[in-house]
Amino acid sequence: MPKINVYLPDDLAERVKATGVPVSAICQRALEQSVRRVTTIRATVLGDLEVDDPTAQLSQFTERTRAVIKLAVERARADGASTVGTEHLLHGILVEGTNLAVQVLRAGETDPGHVEKALADALPARADNPQATQFSGPAANALELTVTEAIALGHNYVGCEHLLLGLISEPDGTAGQVLRELGVDLRSTRRTVVAALTGYAHLRAQAGSATPADAATVITTAIQRELRPVLDRIERLEQRTGLASET
């Protein structure tokens, strides 16, 4: 049987040794689940979108994320596009409007309205092609990256926040280009997603009667708390750079 080396941080390696957990069995199960999720998304993005529900096999995608994909397919067909592109996936996120990806953009001081306008400017004129029956290469890659982001963050679901990360990290898609030109980068957005989910978990631990406005406030507060130390360090570095340049 072939062997795969797994490298752990020193502190975690010591704790694993101390507890005696079955590393091989745990890694095997985690890898089996991850491979199954990636295989499923590959089958979906390479499949025919003419079926009644192109997201039927994506059981680990949230309802909102599946709704976003359906909105993307609808927009591509309305545009007369031959394929569903990353621009249509980003459009779906913005149109759905209630998902965490939109809140993450706002928390990062990127107005979804500005994204929508930039996306509209980047879209080609409406074509007269047959209805889109498959995802474009960049869109297929972005969806696979979406699943990879969810796995890397240790999440057992795939949400719109993961889709946003997948779109940003895909190098050739229109959506990623639009987002990056607006200053939305992968590293800070990933950090914002983690902070947002921390805030959401905190909210759920509170009274169950919280309103959507409460959710937005808690998430934004958590993001600001998580990012504040980073911004402080950047400010100190800028001050040191300024003093060095003066001398």
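Values below: every heavy atom of this structure, side chains too, minus hydrogens, waters and symmetry copies. Not measured: the values here are computed from a predicted model. Start at 1 with the first residue, then count along the sequence.
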When rounded to the nearest 0.5 angstrom, what is the spacing between CD1 in Ile93 and OG1 in Thr98? 11.5 Å
Identify which one of Val84, Asn141, Thr83 satisfies the side-chain contact (heavy atoms from CB on, under 4.5 Å) criterion when paired with Phe135. Val84
I'd like to check the side-chain hydrogen bond (donor to acceptor under 3.5 Å, both in side chains) partners of Gln177; sequence neighbours left out, ordered by chain and number. none
Using the salt bridge (Lys or Arg N to Asp or Glu O under 4.0 Å) criterion, which residues pair with Lys117? Sequence neighbours excluded. Asp121
Is there a salt bridge (Lys or Arg N to Asp or Glu O under 4.0 Å) between Glu87 and Arg75? Walk through the geometry before answering. CA-CA 10 Å; Glu87 63 273 21; Arg75 178 56 187 265; over 6 Å; no
Run the side-chain hydrogen bond (donor to acceptor under 3.5 Å, both in side chains) test against Asp172 and tell me which residues pass, sequence neighbours left out. none
Taking only residues two or more places apart in sequence, or in another chain, which ones meet Arg66 in a salt bridge (Lys or Arg N to Asp or Glu O under 4.0 Å)? none
The reported gap from CG in Leu94 to CD in Glu96 (rounded to nearest 0.5 angstrom) is 10.5 Å
Kindly state each residue pair satisfying ring-ring contact (aromatic ring centres under 6.0 Å, His included) with at least one member in residues 148-174, sequence neighbours excluded. His155-Tyr157, His155-His162, Tyr157-His162
Going by ring-ring contact (aromatic ring centres under 6.0 Å, His included), name the pairs with one or both residues in residues 87-116, residues two or more places apart or in two chains. none
Closest heavy-atom pair and its distance - Ser136, Gly85: OG-CA, 3.5 Å
Any Val68 side-chain heavy atom under 4.5 Å of Cys160 side chain: yes
Tested for side-chain contact (heavy atoms from CB on, under 4.5 Å) against Leu143, the lone hit among Leu89, Thr86, Thr148 is Leu89
Tell me every residue that passes side-chain hydrogen bond (donor to acceptor under 3.5 Å, both in side chains) with Asp53, counting only those two or more places apart in sequence or in another chain. Thr55
What residues, two or more places apart in sequence or in another chain, satisfy salt bridge (Lys or Arg N to Asp or Glu O under 4.0 Å) together with Arg180? none
Any sub-3.5 Å donor-acceptor pair from Asp79's side-chain atoms to Ala81's backbone N or O? no
Taking salt bridge (Lys or Arg N to Asp or Glu O under 4.0 Å) as the definition, give me every residue that meets it alongside Asp10, ordered by chain and number, with sequence neighbours left out. none
Short side-chain donor-acceptor distance under 3.5 Å, Ser59 and Gln57: no
Tell me, do Val158 and Leu163 make a side-chain contact under 4.5 Å, heavy atoms counted? no
Leu197 vs Glu161, side chain to side chain contact (heavy atoms under 4.5 Å, CB included): CA-CA, chis, key distance, verdict: CA-CA 10 Å; Leu197 291 172; Glu161 61 274 21; 3.9 Å; yes
Note: with side-chain heavy atoms under 4.5 Å as the link, the other cluster members for Val95 come out as Leu71
Report the residues that fulfil side-chain hydrogen bond (donor to acceptor under 3.5 Å, both in side chains) with Thr62, sequence neighbours left out, ordered by chain and then residue number. Thr65
Using the ring-ring contact (aromatic ring centres under 6.0 Å, His included) rule, collect all pairs that involve residues 51-73, keeping only residues at least two apart or in two chains. none
Would you name the heavy atoms of Thr146 and Gly166 that are closest together and state the gap between them? OG1-CA, 3.8 Å
Thr19 side, atom OG1; Glu14 side, atom CD - distance, nearest 0.5 Å: 11.0 Å
Stepwise side chain to side chain contact (heavy atoms under 4.5 Å, CB included) check, Leu153 with Leu165: CA-CA 11 Å; Leu153 290 171; Leu165 294 173; 4.2 Å; yes
d(Thr192 OG1, Glu109 CD) to nearest 0.5 Å is 10.0 Å
Rounded to the nearest 0.5 Å, the CG atom of Leu58 sits from the CD1 atom of Ile69 at a distance of 5.5 Å
Any chance you could measure Leu145, atom CG, to Ile168, atom CD1, to the nearest 0.5 Å? 11.5 Å
